[in-house]
Amino acid sequence: MNLELSEEQTAVRQLAKDFVAREIAPHVIEWDRAESVDRSIVKKLGEVGFLGLTIDEEYGGSGGDHLAYCLVTEELGRGDSSVRGIVSVSLGLVAKTIAYWGSEEQKRQWLPGLTSGELVGCFGLTEPGTGSDAGNLSTKAVREGDSYVVNGSKMFITNGTWADVVLLFARTNDAPGHKGVSAFLVPTDTPGLSRRTIHGKLGLRGQATAELVLEDVRVPASAMMAPEGKGFSVAMSALAKGRMSVAAGCVGIAQAALDAAVTYATEREQFGKAIAGHQLVQELISDIAVDVDAARLLTWRVADLIDRGQPFTTESSKAKLFASEAAVRAANNALQVFGGYGYIDEYPAGKLLRDARVMTLYEGTSQIQKLVIGRALTGVSAF
Ligand code: CAA
């Protein structure tokens with residue numbers, strides 16, 4: 001792998017840096033306190049092409065490779081993880097999955113809206129009773145003539161409050177475990193679908209996270225994506241790439257922690273000199289720096305494998321595992337550098353730590369990533 005970025009990759013990274021400085025950085029504290037980013041950010045993300053990365057231009061996408069996607073995701077994660085999550089889910093888990101699994105009609109129906117930011121997508125896998133054991137989900141879709149009638153509920157759904165379409169996973173037959181699961185593209189204004197925004201989250205407070213409830217939601221049979229019973233493969237393939245995107249967002253958190261810690265340490269004076277001159281502060285900073293580099297390299301490897309058409313699922317789990325744990329460590333170390341000031345939200349370290357904390361939980365906990373890696377190494381499944 002060549003670690004030197006191409007001209008195009010360098011340009012898109014700069015575009016993302018400028019976007020973060022102009023559209024995100026001035027609002028981060030305000031959005032965090034208000035528990036909502038400004039919804040106009042979605043349209044702006046679409047206009048600049050960030051919601052169409054890796055998607056073909058014929059469907060409204062902006063093209064680019066997976067490394068470019070990681071570079072943008074990292075910058076957005078450096079700016080605000082709540083904004084980064086909009087892209088990781090609406091593009092990463094929904095649009096990219098439609099582009100891969102969808103019929104021609106489904107691609108034409110949904111991709112132009114999702115890539116332009118006219119529409120927002122969410123990923124309806126997790127349920128109140130099934131998180132890690134996703135294949136055991138209990139939402140049911142029962143065939144009635146040319147329709148399916150869906151009943152169930154979905155929990156902790158990123159973008160859930162704002163989404164126009166949910167990529168929904170539901171059980172369509174009596175086969176055990178994941179074999180009975182199918183995927184559907186359900187417009188969120190379908191009668192019987194209601195949502196409740198989840199408040200009081202530790203981090204990602206600007207994110208429109210919701211619970212979705214489906215009561216006799218009728219969708220045409222044509223809303224099914226991929227063959228009947230193949231829904232879990234759809235979900236797993238989406239998450240394999242999604243985990244790379246979370247990892248890239250975590251690199252952004254860790255980089256933000258590093259930048260903030262270095263700046264603060266060179267300005268703050270104690271014992272008659274800048275605290276950057278104290279060896280134990282340098283240790284904190286160098287630990288963050290090593291975490292940033294290691295997480296970034298693991299993440300770029302996944303992008304490189306995808307772009308070369310190589311297997312990447314285990315590498316994606318490794319990147320997500322390491323980068324999410326690294327982001328928590330990095331933000332925590334940065335908070336230590338900031339001392340008491342790090343504990344109030346006018347300084348960045350606290351929010352970085354709160355946002356980082358969920359990264360070891362969603363899109364597969366750290367423990368699930370270890371089991372996926374362990375299974376690949378030993379050939380023995382723990383599930
Ligand atoms: N591409 C295509 N198909 C794949 C695939 C991939 N990358 N990975 C697996 N599959 C297929 C398999 O071939 C298999 O299909 P068949 O039965 O037809 O052969 C099927 O999917 C099941 O695969 P596994 O045997 O690997 O599945 P499992 O039951 O052993 O999985 C698990 C266990 C790994 C723990 C899985 O349940 C899992 O990943 N759990 C974590 C769930 C999770 O990450 N949830 C995140 C929620 S989404 C979220 O957080 C989004 C958000 O809002 C931010």
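The shown structure was predicted, so the numbers you read here are calculated from the model rather than taken from an experiment. As the structure lists them, so they are numbered: ligands from 1, and atoms in each ligand from 1.
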**Study point:** Expected output: side-chain Thr190 to main-chain Val217 donor-acceptor under 3.5 Å
**Key:**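 Between the backbone of Val217 and the side chain of Thr190 there is no qualifying donor-acceptor contact (under 3.5 Å).
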For [atom], what's the nearest protein heavy-atom neighbour? Residue, atom name and distance, please.
{"atom": "atom 19 (O) of ligand 1", "answer": "Lys179 NZ, 4.0 Å"}
{"atom": "atom 12 (C) of ligand 1", "answer": "Ser233 OG, 4.3 Å"}
{"atom": "atom 38 (C) of ligand 1", "answer": "Met236 CE, 3.7 Å"}
{"atom": "atom 47 (C) of ligand 1", "answer": "Thr126 OG1, 3.2 Å"}
{"atom": "atom 44 (O) of ligand 1", "answer": "Arg243 NH2, 2.8 Å"}
{"atom": "atom 54 (C) of ligand 1", "answer": "Thr158 OG1, 3.3 Å"}

For [X], state whether at least one heavy atom is located under 4.0 Å from any atom of ligand 1.
{"X": "Gly131", "answer": "yes"}
{"X": "Ser132", "answer": "yes"}
{"X": "Val246", "answer": "no"}

Check your understanding: Which heavy atom of Thr54 sits nearest a heavy atom of Asp65, and at what distance?
Key -> CG2-O, 3.8 Å
Point to revise | Over all atoms of both residues, closest heavy-atom pair of Ser324 and Met359 | key: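 Closest approach of Ser324 to Met359, heavy atoms only: CB-O, 3.4 Å.
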If you count the atoms of ligand 1 from 1 in the order shown, which ones are under 4.0 Å from a heavy atom of [X]?
{"X": "Leu93", "result": "51 (C)"}
{"X": "Thr313", "result": "7 (N)"}
{"X": "Phe123", "result": "48 (S)"}

Assess the side chains of [X] and [Y]: does a donor N or O sit below 3.5 Å from an acceptor N or O?
{"X": "Thr161", "Y": "Thr197", "answer": "yes"}
{"X": "Asp259", "Y": "Gln255", "answer": "yes"}
{"X": "Glu105", "Y": "Ser222", "answer": "no"}
{"X": "Gln9", "Y": "Ser6", "answer": "yes"}

I'd like the name of whichever of [options] reaches closest to [atom] through any heavy atom.
{"atom": "atom 6 (C) of ligand 1", "options": "Ser237, Ala376, Gly160", "value": "Ser237"}
{"atom": "atom 27 (O) of ligand 1", "options": "Phe383, Phe156, Phe232", "value": "Phe232"}
{"atom": "atom 20 (C) of ligand 1", "options": "His178, Glu363, Lys230", "value": "His178"}

Point to revise | Cationic N near anionic O, under 4.0 Å, Lys351 to Asp32 | key: no
Check your understanding: Under 4.5 Å between any side-chain heavy atoms of Gln207 and Asn159, yes or no?
Key ->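 In short, these two side chains touch, coming nearer than 4.5 Å.
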Exercise for review: For atom CG of Asp189, decide whether the heavy atoms of other residues, nucleotides or ligands shown that lie under 6.0 angstrom number more than 12.
Suggested key: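 Yes, the 6.0 Å shell around CG holds more than 12 heavy atoms from other groups.
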Review point. In terms of heavy-atom contacts, does CG of Leu280 have more than 12 from other residues, nucleotides or ligands at under 6.0 Å?
Key: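 No, CG of Leu280 has 12 or fewer neighbouring heavy atoms, counting only those of other groups under 6.0 Å.
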Review point. Should the proximity of Arg375 to ligand 1, defined as any heavy atom under 4.0 Å, be assigned to the side chain, the backbone, both, or neither?
Key: side chain
Point to revise | For ligand 1, the portion of Leu239 having any non-hydrogen atom under 4.0 Å away | key: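 Within the 4.0 Å criterion, Leu239 contacts ligand 1 through side-chain atoms alone.
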